[in-house]
Amino acid sequence: MPEPATPSDLAEPPVLASPPDLGGALVEWYSTHARDLPWRRPGFGAWGVLVSEFMLQQTPVTRVIPHLEAWLERWPTPADLAAAPPADAVRQWANLGYPRRALWLHRAAVEIRDRHGGVVPRDVDALLALTGIGDYTARAVAVFAYGDRHPVVDTNTRRVLARAIDGRSQPGPPSRRDLEAMAAILPHDRDMSAVVNAAAMELGATVCVARAPRCDACPLRDRCAWRAAGYPDTGDVRRKQARYEGSDRQARGAVLKRLRDAAATGIRIDALLPDWPDAHQRDRAITSLADDGLVELDDGFAHLAR
DNA sequence: GAGGCGTGGTG
DNA sequence: TCACCAAGCCT
């Protein structure tokens, strides 16, 4: 928890509704504090941005970067990935986690080839129609790859807005109102609006972080409703993550890792993790992976989907 | 809308 | 040590 606001901080009357030019303060801060990330390089390309956004869904930046570069070297265009079997995508995904994302990214590449002539669409609704792309990713691609003017709201932005505008320590559940709140602070200029979107995410990722925010380094310090209110704790509304050790997810992860490391022909099902502590759980993992389309079962063998 | 879904780093 | 965390999406 940050230091409480001092009396002199509180002497300035906080402006709670419509804080003046939050966007301007974010842009100025971003101009000197933005991290140099691959997908922010000029000319990185819409496909690269799209792949990066898939990988960044729930996986930290530092783990994504090397995998992203290898992925784009192997499959420089959507058509290149679409031409490969899904199993190759799942193997290349390696240990990034949530391997369904690899399958979904492959499906999206096929859809881009078949429905959009191999060009990543620019229209938000067209993006939303692709497998694995939701409200956040669709707008992130339209804004960061194409420079269009839309609100982009991820968990970092929701936290920044919750604190700076609503005076809460943590955001409420995701809602369409988040998009409206972000839209309200976007400048009219397209390029600047893209920068404000990026800056809000960046601030939330590096300064206005969930557990130990560095308010002393925050450009919104003097206009933050949460700080002005003395950092009230509104509690954390996020769902608690279930225990991983002993979970079905762990079993799925172990099965899939074994299949990634195996030859394309796969492994006899009765030789697939025979020593797993809970045989029913192992079987459930295999079946659910097959239901998801990650794994195929033929003739007593399990292998990655071809 | 709540629950399910990987993995590795961190305080 | 271990609970929590990390640019969500789908059902």
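So that the names make sense, note that chain A is the first sequence line, chain B the second, and so on, each numbered from 1. Small disclaimer: the values here were computed from a predicted structure and weren't measured.
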Sugar-phosphate only, base, or nothing, as touched by A:Trp39 at under 4.0 Å among non-hydrogen atoms: base
Identify, with sequence neighbours excluded, every residue that meets ring-ring contact (aromatic ring centres under 6.0 Å, His included) alongside A:Trp39. none
Students should find this one: the first and last nucleotides of DNA chain C, 5' to 3', lying under 4.0 Å from a heavy atom of chain A. What are they? C:dA3 to C:dC10
Does a donor on one side chain sit under 3.5 Å from an acceptor on the other, for A:Ser175 and A:Asp178? no
Taking atom P in both C:dA7 and B:dG3, compute the distance separating them and give it to the nearest angstrom. 22 Å
Other hydrophobic cluster members with A:Val255, side-chain heavy atoms of Ile/Leu/Val/Met/Phe/Trp/Tyr under 4.5 Å, chained? A:Val90, A:Leu103, A:Leu256, A:Leu259, A:Ile267, A:Ile269, A:Leu272, A:Leu273, A:Trp276, A:Ile286, A:Leu289, A:Leu294, A:Val295, A:Leu297, A:Leu304
Under the ring-ring contact (aromatic ring centres under 6.0 Å, His included) test, residues paired with A:Trp71 that sit two or more places apart: A:Trp75, A:Trp93
Quick one: list whatever passes side chain to side chain donor-acceptor pair (under 3.5 Å) with A:Asp278, sequence neighbours left out. none
Under 3.5 Å side-chain donor-acceptor pair for A:Arg35 and A:Thr206: no
Checking one residue: A:Val209. Which other hydrophobic residues are in its cluster under the side-chain 4.5 Å linking rule? none
Below 4.0 angstrom, N of the basic side chain to O of the carboxylate: do A:Asp80 and A:Arg74 qualify? no
Using atom P in both nucleotides, what's the gap between C:dT11 and B:dG6 to the nearest angstrom? 14 Å
What residues from residues 44-56 of chain A pass a heavy-atom cutoff of under 4.0 Å to DNA chain C? A:Glu53, A:Leu56
Testing the 3.5 Å rule here: is there a donor-acceptor pair between the side chains of A:Arg249 and A:Tyr98? yes
Residues in salt bridge (charged side-chain N to carboxylate O under 4.0 Å, His left out) with A:Asp148, at least two apart? A:Arg122, A:Arg190
Checking A:Ser193 now: which residues fulfil side chain to side chain donor-acceptor pair (under 3.5 Å) with it, not counting sequence neighbours? none
Under 4.0 Å protein heavy-atom contacts per nucleotide of nucleotides 4-11 of chain B, with B for base, S for backbone only and - for none: BBBBS---
When you measure from every atom of DNA chain B, which of residues 130-153 of chain A have a heavy atom less than 4.0 Å away? none
More 5' along DNA chain C: A:Arg243 or A:Met201, using each one's nearest nucleotide? A:Arg243
Qualifying residues under ring-ring contact (aromatic ring centres under 6.0 Å, His included), relative to A:His116, sequence neighbours excluded: none
Flag the pair A:Tyr146 / A:Val49 as yes when at least one side-chain heavy-atom distance between them is below 4.5 Å, and no otherwise. no
